[in-house]
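This one's a predicted model, so the numbers in the text were calculated from it and none came from an experiment.
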Amino acid sequence: MPFPGMTFRRWCLLPAAAVLALAAWFGTGYSSEDEFQHVILLAEHLRGHADAASLPIDYHQGWRSMTLPLIAAGVFEAAGLSGVTSPFTLTLLLRLLTAALALWAVGGFVRAVLPSVREENRQAFILLSWFLWFVPVLHVRFSGEAWSGMLFLRGLTLLLDARRPEAIGAWWAAALLVRPAAAILPFGALLWLLVVRHEPWKRIGGMAIGALAFLAVGIAADSLAYGRITFTLWNYASAALTGEEAHRFTALPWHQHLLFGLKYAALPIGAALLAAAAALLALKPRHPVLWLLLPFLLAHSLLPNKEPRFLIPLAPLMPWLLMAAWDALCERWPAAMRSAGAMRILFPFAAVNVLALAVGIATPAGNGRIKLAEAIHERYGSEAVHIDHLGDWRQWIPPFYLAPRSTEAFVERIVPSKEKRNHLVIARESQGLDRVQSLKRMAVAAPPWTHRFLAWYGLEDGHDPLVLYRLTTENIGH
């Protein structure tokens, strides 16, 4: 041990904090449109910097809780008092705040679960909880999906510690506010409490009281932010049940989330997660982690709209799933699980995880367009720019990240103009604009060393990074 008297669990907090800080530092941008449209843009509206007309339909229908936007607006205002106005620094503060929440929530959860893990596997569980590659990468996202998972995890920790039921219910209600679909996680926990553990109804009632009390606070906060009495959970549930929201999305088959998990966890690790769930279901079907995962996956399989981000609340539970399955296998076949063959299985898993963790930390969020916006900011500062996009809407950079009076256009060809000062172009690397003499490459969305690994990770989608160019003359030559 580096520090005498420090347990392995406590020592791991130091590298875990470092990894989370690095993930926050390099994780520029947002991983889904909701992370910007339903949080940062709403926060800017609360600060008076975005018109209501620019807000998504979810705001006008009162579907989204303003809990996270209120927190973001508070962080932005506090930073402004210190003279911090850069959108890249402001959003970094949000990621660091999320990382701090993760450090606290995951740290408490590891401490609570550790006694139930076989002694010889405890260090492995600690390492998985902090360094299973997608856990720290997702635990810096200031989004409803990431926060709901961590808030639920905090309530689950209190449950495992046999704390006051009112506090458990309050944390689960907080998860529900920031991500209504996360309600399925507390529902699964309650099923396990009633069916498996036969929890007294008095404690269940205490959880309900705590949840209702916190929901009342949430309604008050939402009503204040919307300027009218608004119960966002009711509005969201009504839209979901009537199909008012579903028509905007493409319906996908029931098993799509299993495919998402297999692919986006990185294929070998995704396969290990599916195998762990199958093994645990066969050997220990009463294990609580199964009662959390299966209702969540079943409910989401019934919904027509399916996206990888819907699985994010499950991320902090995946190390527990892996270790619970390994423990169950060790109990059933102790000699086989201690054999050299079983140990050799772990080496490729660890190698893939370390590589995925390095790539995940080094790569900006989403398609990296906000990383290109940061490069624009570093070169031009507060000067307005014009950006021609040789691509689709997924390249568009929100005005929040650009200097005032900057403009953007989607074009099929570049048309130089004397009126366009600081004329920039964003295109895919495969479009070969490096051959154009009048275009000079300024930045690429992801570090070049990650491109091959991201292509492997993308499987059939491949990886075609965005590249930022500046127009240097009025004559485009090939």
Side-chain angles (χ1 to χ4, degrees), residues 31-35 37-38 58 63-65 68 132 134-135 137-139 141 143-153 155-156 172-192 195 232-267 269-278 280-281 285 287-322 324:
S31 57
S32 71
E33 288 299 313
D34 279 25
E35 190 175 340
Q37 298 284 343
H38 296 154
D58 305 64
W63 291 341
R64 301 288 175 175
S65 171
L68 288 183
L132 182 60
F134 53 79
V135 173
V137 171
L138 294 175
H139 277 175
R141 307 311 329 159
S143 67
E145 291 82 11
W147 273 61
S148 65
M150 289 185 284
L151 294 172
F152 170 78
L153 197 71
L156 184 60
W172 287 350
L176 179 62
L177 277 177
V178 300
R179 174 69 182 161
I184 306 167
L185 287 173
F187 173 77
L190 290 173
L191 275 181
W192 178 78
V195 176
T232 55
L233 284 177
W234 175 261
N235 296 339
Y236 183 92
S238 299
L241 292 173
T242 60
E244 183 180 354
E245 188 183 24
H247 74 277
R248 298 186 292 152
F249 306 101
T250 302
L252 293 173
W254 67 268
H255 59 272
Q256 190 64 47
H257 276 125
L258 295 178
L259 298 179
F260 283 152
L262 187 64
K263 175 179 179 179
Y264 291 110
L267 195 56
I269 295 175
L273 290 170
L274 291 179
L280 197 60
L281 187 61
H287 195 283
V289 72
L290 286 177
W291 290 71
L292 300 176
L293 300 182
L294 294 182
F296 188 94
L297 292 173
L298 177 61
H300 279 78
S301 71
L302 298 176
L303 299 174
N305 181 32
K306 297 174 181 67
E307 298 181 40
R309 65 183 177 90
F310 294 170
L311 300 176
I312 292 177
L314 298 180
L317 298 173
M318 294 301 98
W320 194 18
L321 171 65
L322 289 171

Requested in this report: Report yes if some heavy atom in the side chain of L314 is under 4.5 Å from a heavy atom in the side chain of M318; otherwise report no.
Outcome: yes

Requested in this report: With sequence neighbours excluded, tell me which residues meet side-chain hydrogen bond (donor to acceptor under 3.5 Å, both in side chains) with S32.
Outcome: none

**Report entry** pair L297-L311: side-chain heavy atoms closer than 4.5 Å
**Finding:** yes

Query - Side-chain donor or acceptor of Q37 paired with backbone N/O of E33 under 3.5 Å - result: no

Query raised in the report: Can you check whether L151 reaches L176 side chain to side chain, under 4.5 Å on heavy atoms?
Result: no

Query raised in the report: Just by distance, do the side chain of W192 and the backbone of F187 share a donor-acceptor pair under 3.5 Å?
Result: no

Report task. Please tell me if the side chains of K306 and H300 come closer than 4.5 Å, counting only heavy atoms from C-beta onward. Result -> no

Report task. Go through the structure and list residues passing side-chain hydrogen bond (donor to acceptor under 3.5 Å, both in side chains) with T232, not counting sequence neighbours. Result -> D222

Report task. Look up atom CG in L68 and atom OG in S143, then write down how far apart they are to the nearest 0.5 Å. Result -> 8.0 Å

Requested in this report: Drop me the distance from L280's CG to L293's CG, to the nearest 0.5 angstrom.
Outcome: 9.0 Å

Report task. Under the ring pair (Phe, Tyr, Trp, His ring centres under 6.0 Å) rule, what do H287 and W320 come out as? Steps first, then yes or no, please. Result -> CA-CA 11 Å; H287 195 283; W320 194 18; 5.3 Å; yes

Query raised in the report: Less than 4.5 Å apart, any side-chain heavy atom of S301 and any of H255?
Result: no

Query - Pairwise distance CG(L191) to CD1(I184) - rounded to 0.5 angstrom - result: 11.5 Å

Query raised in the report: Which atom pair, heavy atoms only, marks the closest approach of P295 to L290?
Result: CD-O, 3.9 Å

Counting only pairs under 3.5 Å, give me each side-chain donor-acceptor contact of residues 256-265, with atom names and distances, residues two or more places apart or in other chains.
residue	atom	partner	partner atom	Å
H257	NE2	E307	O	3.3
K263	NZ	G458	O	3.3
K263	NZ	E460	OE2	3.1
K263	NZ	D461	OD2	2.4

Report task. List in chain and number order the residues that pass side-chain contact (heavy atoms from CB on, under 4.5 Å) with P313, two or more places apart in sequence or in another chain; answer none if no residue qualifies. Result -> E145, S148, L185, F296

Query raised in the report: Considering only heavy atoms from C-beta outward, does the side chain of W291 approach that of V195 to under 4.5 Å?
Result: yes

Query - Smallest separation among heavy atoms of L322 and A272, with atom names - result: CD2-O, 3.9 Å

Report summary line: Residue set satisfying side-chain hydrogen bond (donor to acceptor under 3.5 Å, both in side chains) with R179, at least two apart, ordered chain then number -> none

Query raised in the report: How far apart are the closest heavy atoms of F152 and P186, and which atoms are they?
Result: CE1-N, 3.6 Å

Query raised in the report: Do D34 and D58 pass the side chain to side chain contact (heavy atoms under 4.5 Å, CB included) test, and can you show the C-alpha distance, the side-chain angles, and the key distance before you say yes or no?
Result: CA-CA 10 Å; D34 279 25; D58 305 64; 6.0 Å; no

Requested in this report: Sequence neighbours left out, what passes ring-ring contact (aromatic ring centres under 6.0 Å, His included) with W147? Give chain and number order.
Outcome: F142

**Report entry** Point-to-point distance, once rounded to the nearest 0.5 Å, from CG of L252 to CG of L303
**Finding:** 11.5 Å

